[in-house]
Amino acid sequence: QVQLVESGGGLVQAGGSLRLSCAASGRTFSSYAMGWFRQTPGKEREFVAAISWIGGSTYYADSVKGRFTISRDIAENTLYLQMNSLKPEDTAVYYCAAGDGGILPGAYNYWGQGTQVTVSS
């Protein structure tokens, strides 16, 4: 049983920063990619960033490139998303996921419960 538990969301003013964490447990993740997605009411889940668990290769949505950084701590089985220069349009529920990688939600088998990020203007 794979479990992903996000934390670190909250309310922040535009221009501020937050760091999201995702604690992973239940199995080894050496063959997985890990990703962050976000979703607002009435919209589809949107890719934010992904990282290969072993090699550490990263890629980002254009909307967050240069502002967000995805990273992982292999020893702690934890995924991070450092979010800087936040904008009101970054407001969403953020989810971490584990799976084959890529930008499509369907490629990820395991999901956390989500953490709310609200950016005020």
Side-chain angles (χ1 to χ4, degrees):
Q1 184 78 12
V2 173
Q3 286 191 326
L4 302 174
V5 180
E6 302 98 334
S7 60
L11 173 64
V12 64
Q13 288 189 331
S17 298
L18 281 175
R19 189 176 81 155
L20 305 183
S21 300
C22 173
S25 62
R27 65 174 298 161
T28 60
F29 292 87
S30 60
S31 62
Y32 283 98
M34 302 288 291
W36 288 99
F37 289 76
R38 64 188 182 187
Q39 191 169 23
T40 54
K43 293 189 176 182
E44 294 185 353
R45 199 161 291 189
E46 174 190 26
F47 170 77
V48 175
I51 186 169
S52 61
W53 192 250
I54 294 299
S57 300
T58 59
Y59 48 102
Y60 299 90
D62 288 342
S63 58
V64 307
K65 204 172 292 183
R67 299 188 298 123
F68 291 10
T69 302
I70 188 171
S71 63
R72 82 276 186 253
D73 185 325
I74 294 176
E76 295 294 326
N77 256 10
T78 302
L79 179 71
Y80 299 101
L81 185 68
Q82 178 67 43
M83 305 186 294
N84 299 328
S85 302
L86 282 160
K87 305 175 181 179
E89 51 264 44
D90 294 318
T91 295
V93 177
Y94 283 72
Y95 298 90
C96 72
D100 292 335
I103 66 171
L104 298 177
Y108 292 80
N109 307 94
Y110 305 104
W111 293 86
Q113 83 288 351
T115 185
Q116 176 70 46
V117 171
T118 303
V119 184
S120 63
S121 57

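What's counted below: heavy atoms across the whole structure, side chains too, no hydrogens, waters or symmetry copies.
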Approximate separation, where rounding is to 0.5 Å, of [X] [atom1] and [Y] [atom2]:
| X | Y | atom1 | atom2 | value |
| --- | --- | --- | --- | --- |
| C96 | R72 | SG | CZ | 15.0 Å |
| Q116 | T91 | CD | OG1 | 7.0 Å |
| L81 | T115 | CG | OG1 | 11.0 Å |
| Q13 | S121 | CD | OG | 9.5 Å |

[X] to [Y] - nearest heavy-atom pair and separation:
| X | Y | result |
| --- | --- | --- |
| M83 | Y94 | SD-CE2, 3.9 Å |
| S17 | Q82 | CB-NE2, 4.0 Å |
| V64 | V48 | CG2-O, 3.5 Å |
| P88 | A14 | CD-CB, 4.1 Å |
| P105 | R45 | CG-O, 3.9 Å |
| G9 | V117 | CA-CG2, 4.1 Å |

What about the rings of F47 and Y108, do their centers lie closer together than 6.0 Å?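 No, ring centres 6.0 Å or more apart.
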
Before accepting this row, confirm whether a basic side-chain N of the pair K65/D62 lies closer than 4.0 Å to the acidic partner's carboxylate O.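 The answer is yes: the pair qualifies as a salt bridge.
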
Would a distance-only check, ignoring hydrogens and angles, find a side-chain to backbone donor-acceptor pair under 3.5 Å from [X] to [Y]?
| X | Y | result |
| --- | --- | --- |
| S52 | S57 | yes |
| W36 | Y80 | yes |
| E6 | G114 | yes |

Is there a chain of hydrophobic side chains (I, L, V, M, F, W, Y, each step under 4.5 Å between heavy atoms) that links [X] to [Y]?
| X | Y | answer |
| --- | --- | --- |
| L4 | Y95 | no |
| L104 | W111 | yes |
| Y32 | I74 | yes |
| V2 | W53 | yes |

My understanding is that only residues two or more places apart in sequence, or in another chain, count here; which of them pass side-chain contact (heavy atoms from CB on, under 4.5 Å) with A33?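 Result, side-chain contact (heavy atoms from CB on, under 4.5 Å) vs A33: none returned.
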
Just wondering, are more than 12 heavy atoms of other shown residues or ligands nearer than 6.0 Å to CD in Q113?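 Count over threshold, so yes.
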
Might you work through the side-chain contact (heavy atoms from CB on, under 4.5 Å) test for F37 and V93, ending with a clear yes or no? CA-CA 8 Å; F37 289 76; V93 177; over 6 Å; no

Kindly determine whether Y59 and I70 satisfy side-chain contact (heavy atoms from CB on, under 4.5 Å), including the steps that lead there. CA-CA 9 Å; Y59 48 102; I70 188 171; over 6 Å; no

Any side-chain heavy atom of F68 sitting closer than 4.5 Å to one from L86? yes

May I have the step-by-step check of side-chain contact (heavy atoms from CB on, under 4.5 Å) for L79 and I51, ending in yes or no? CA-CA 9 Å; L79 179 71; I51 186 169; 3.6 Å; yes

Go through the steps to decide whether E89 and S63 satisfy the test side-chain contact (heavy atoms from CB on, under 4.5 Å), and finish with yes or no. CA-CA 10 Å; E89 51 264 44; S63 58; over 6 Å; no

